[in-house]
Amino acid sequence: MSDPLLRVERVSKSYGDEQVLREISFEMDRGDVTVLIGPSGSGKSTMLRCVNRLTEVDSGEIYLDGERVTGPDVDVNELRRQVGMVFQDFNLFAHLTARGNVMLGPRQVLGLSKEEARRRADEQLALVGLADQADSYPAELSGGQKQRVGIARALAMEPKLMLFDEPTSALDPELIGEVLEVMRDLVERGMTMLVVTHEMSFARSVASEIMFLDGGRIVERGPPEQLFERPEHDRTATFLRRITQLHS
Amino acid sequence: MSEPVADAVREGETATRTIPAGRPLVVLAGGLFWGWLLLRWLNDWLGGLFVPRGEPFVSPEAVEALGAAVPALRGLFDSTAFAVTYLPALSAGVWLTIVLTATSIALGFVLAVPLSVARVYGRWTSYLSLAYTELLRGTPLLAQLFVIYYGLNFVQYVPPLLDGVFANNAVWAAIVGFTLNSAAYQAEYIRSALLSVESGQLTAGRAIGLTKLQAIRYVVLPQGLRFAIPGWTNELIYLIKYSSLAAFITVPELFQRTNAIASDNFRYTAMFSLAALLYLALVISASRLMNAVEDRVAIPGLGARGR
Ligand SMILES: Nc1ncnc2c1ncn2[C@@H]1O[C@H](COP(=O)(O)OP(=O)(O)O)[C@@H](O)[C@H]1O
Ligand SMILES: [Mg+2]
C-alpha cells in the first residue's frame with residue numbers, strides 16, 4: 001500500500017486564452033490533510049473540480065487509489081462516490097430536509113433501502129451535531145448548520161477523499177468555529193482531506209502540507225511551520241501576511 | 001328556496017375549508033356554484049335524481065312571480081328566471097369544458113416535462129424540442145384543431161375502448177389538439193423555471209454521484225416545477241378559455257351550447273353573458289385551486305410562495 005491515495009501529475013487546464021492550471025503535480029497519502037491557499041482566481045477551485053471531474057483537465061493525469069480517474073473510459077459517477085465535495089455556498093438541495101439531503105446519495109447512488117439510507121443519514125447528522133435538525137429545511141438552518149449538513153451529505157457516501165472548497169468563506173464569523181470543529185473531528189478520524197481555505201490557524205494546526213497556488217502554479221509548498229516561519233518566496237510571505245491580517 | 005339549494009350551501013361550507021382564507025363572498029359564491037354544478041350533473045347523469053333530466057331545480061315561473069311581487073327588483077328576477085331556464089343545458093357544456101381542460105393540461109404536462117428537460121439539458125434533443133415548441137406556438141390553435149379533426153379525420157382513429165365515452169367523438173380530437181398545443185406552452189413555462197434553479201443544485205447532485213438524469217429528476221425538477229406553478233396557472237386559465245375553440249370542430253362544450261341556444265332564442269347578449277359568468281367561475285376556481293396547491297407544496301423557510 002505504498003501507492004498514494006491521490007496523485008496529480010502535470011495537470012493543466014485553460015479557459016479560452018487563460019491558463020488556469022499549469023502542470024500541477026502533487027500527492028496525498030491516506031490521512032493527509034493538504035491545504036490549498038492562493039489569491040482569488042489562482043485556480044484553487046478548478047484544481048479541486050478536476051479531481052472529481054466536475055471539470056475536465058486539458059492534459060495531465062490524476063490517480064485515486066492507484067486508479068486513473070482522468071480519461072474517457074472512467075465511470076465518473078463511480079469516481080464521485082469515492083470523493084466527497086463541500087461547497088463554499090453549501091448547495092444544499094433546497095426542497096429537501098437535512099435528512100433528505102443526506103439520504104439522497106445513499107438511496108439513489110448506493111442503492112440503499114429507505115430505512116438503511118435513513119439510518120445512515122441520521123448517523124451522519126449526529127456526527128456533525130445536527131441530530132435535532134434532521135427535519136429542518138435548508139432555509140430554516142443557519143449558515144453553519146447548512147455547511148455541517150453539506151459535510152454530512154458528502155460523508156454519507158463514505159468517500160475515500162474529501163474536497164473542501166472554502167467551506168467557511170460564506171459564513172458569518174461567529175459561525176465559522178462550528179464548521180471548523182466538525183472538520184477537525186474528521187481529521188482526527190483519519191479522513192484524507194484536500195482543503196481550500198483561508199483560515200490560517202486551522203491550516204496551521206491540522207495541515208500535513210500547505211500549497212500556495214498563484215497564477216496556476218504551485219509557487220511554494222511544505223509543512224505549515226516552514227511556510228509560516230520561513231517562506232522561500234516573497235509572494236508567499238506577502239500573501240500569508242495579508243491573509244493573516246485580514247482574518248484577525 | 002328548495003332543498004337542493006340548501007345542500008349547495010352546505011357544499012359551500014366544505015369548500016371553505018380547502019380554500020385558504022379569502023373574501024367570504026367569493027367563497028360563498030364558489031360554494032354555491034360548485035354545489036349547484038355537482039347536483040346538476042348528478043341529477044342529469046342519474047336520470048333525474050331530484051327533478052326530471054335537464055329541468056331547472058326551481059321553476060323560472062316561480063322566480064318571475066317573485067319579481068312581479070317586488071316590482072322594484074323586477075329586472076333582477078327576470079334575469080334570474082332567464083338564467084334558471086338555460087343553466088341546466090349549459091351545465092353539460094361546462095362538464096365538457098372541464099373535461100377538455102383538465103385532461104389536456106394533465107396530458108400536456110406529461111409531454112411538457114421531457115420537452116423542457118430536453119430543451120434545457122439536451123444536445124440534439126434540444127433542437128427537436130425547440131422545433132416542436134416553435135411549430136405549435138407559432139401556428140393558430142384553431143388551425144391545429146382543423147388539421148387534426150378535418151385534415152387527419154382523427155375521429156376514425158379513436159380506439160374502440162374510448163369510442164362512445166363522450167356522445168361526440170370529436171371530444172377526443174379536441175383533447176389531442178389541446179394536449180399537443182398546451183404541451184408546447186407548458187414546456188416554455190417549465191423551461192424558464194428550470195433555468196431559474198441555481199446551477200449549484202445540479203452540480204451538488206452530480207458531486208454525490210447522481211447521473212445527470214437522476215440529478216435532474218431528484219434535484220432540479222422538484223424545485224423547477226414549484227417555480228413553474230404561477231406560469232402553469234396562467235396556462236390553465238388560458239386553456240379554460242381556449243377550449244371554446246373546440247366548438248368549431250363540433251364539440252358541444254360550453255361555448256358551442258351557448259351559441260346553439262342563442263341561435264334558437266336570439267338572445268345572444270344574455271346567453272353569452274351567462275356563459276361568460278360560467279367561464280369566470282371556472283377561471284376563478286382554477287386560480288384559487290392553484291394558489292392552494294402552491295401554498296401546499298411551498299418549501300418551508302422560503303415563504304408561502306416558494307421564494
Ligand atoms: N467555467 C469556467 N469558465 C471560464 N472561466 C473559468 C471557469 N471556471 C473558472 N474560470 C476562471 O479560471 C480562473 C480560476 O478560477 P478558480 O479556479 O475558481 O479560482 P479560485 O478558486 O482560486 O478563486 C478564474 O480566472 C476564473 O475566471
Ligand atoms: Mg474558488
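This one's a predicted model, so the numbers in the text were calculated from it and none came from an experiment. Chain A is the first sequence line, chain B the second, and so forth, proteins listed ahead of strands; every chain is numbered from 1.
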K.L.:
Can you establish whether the number of heavy atoms outside B:Tyr238 located under 6.0 Å from its atom OH is more than 12?
P.N.:
no

K.L.:
Take atom OH of B:Tyr242 as the centre, draw a 6.0 Å sphere, and report whether it contains more than 12 heavy atoms from other residues, nucleotides or ligands.
P.N.:
no

K.L.:
Under 3.5 Å, which donor-acceptor pairs link chain B and chain A? Put them in a table for me, please.
P.N.:
{"residue": "B:Gly200", "atom": "O", "partner": "A:Asn91", "partner atom": "ND2", "Å": "3.4"}
{"residue": "B:Gln201", "atom": "OE1", "partner": "A:Ala94", "partner atom": "N", "Å": "3.4"}
{"residue": "B:Gln201", "atom": "NE2", "partner": "A:Leu92", "partner atom": "O", "Å": "2.7"}
{"residue": "B:Gln214", "atom": "NE2", "partner": "A:Gln108", "partner atom": "O", "Å": "3.3"}
{"residue": "B:Tyr218", "atom": "O", "partner": "A:His95", "partner atom": "NE2", "Å": "2.9"}
{"residue": "B:Tyr218", "atom": "OH", "partner": "A:Gln108", "partner atom": "OE1", "Å": "3.1"}
{"residue": "B:Gln223", "atom": "NE2", "partner": "A:His95", "partner atom": "ND1", "Å": "3.2"}

K.L.:
Measure the spacing between CG of A:Leu104 and CG of B:Leu210 and express it to the nearest 0.5 Å.
P.N.:
5.0 Å

K.L.:
Side chain, backbone, both or neither: which part of A:Leu92 has an atom under 4.5 Å from a heavy atom of chain B?
P.N.:
backbone

K.L.:
Please give me the minimum heavy-atom distance between B:Pro300 and A:Ala139, naming the atom from each residue.
P.N.:
O-CB, 3.9 Å

K.L.:
Compare every heavy atom of B:Ala207 with every heavy atom of A:Phe87, then report the nearest pair and how far apart it is.
P.N.:
CZ-CB, 3.8 Å

K.L.:
State, with a plain yes or no, whether a side-chain heavy atom of A:Phe93 is found less than 4.5 Å away from one of B:Ile208.
P.N.:
yes

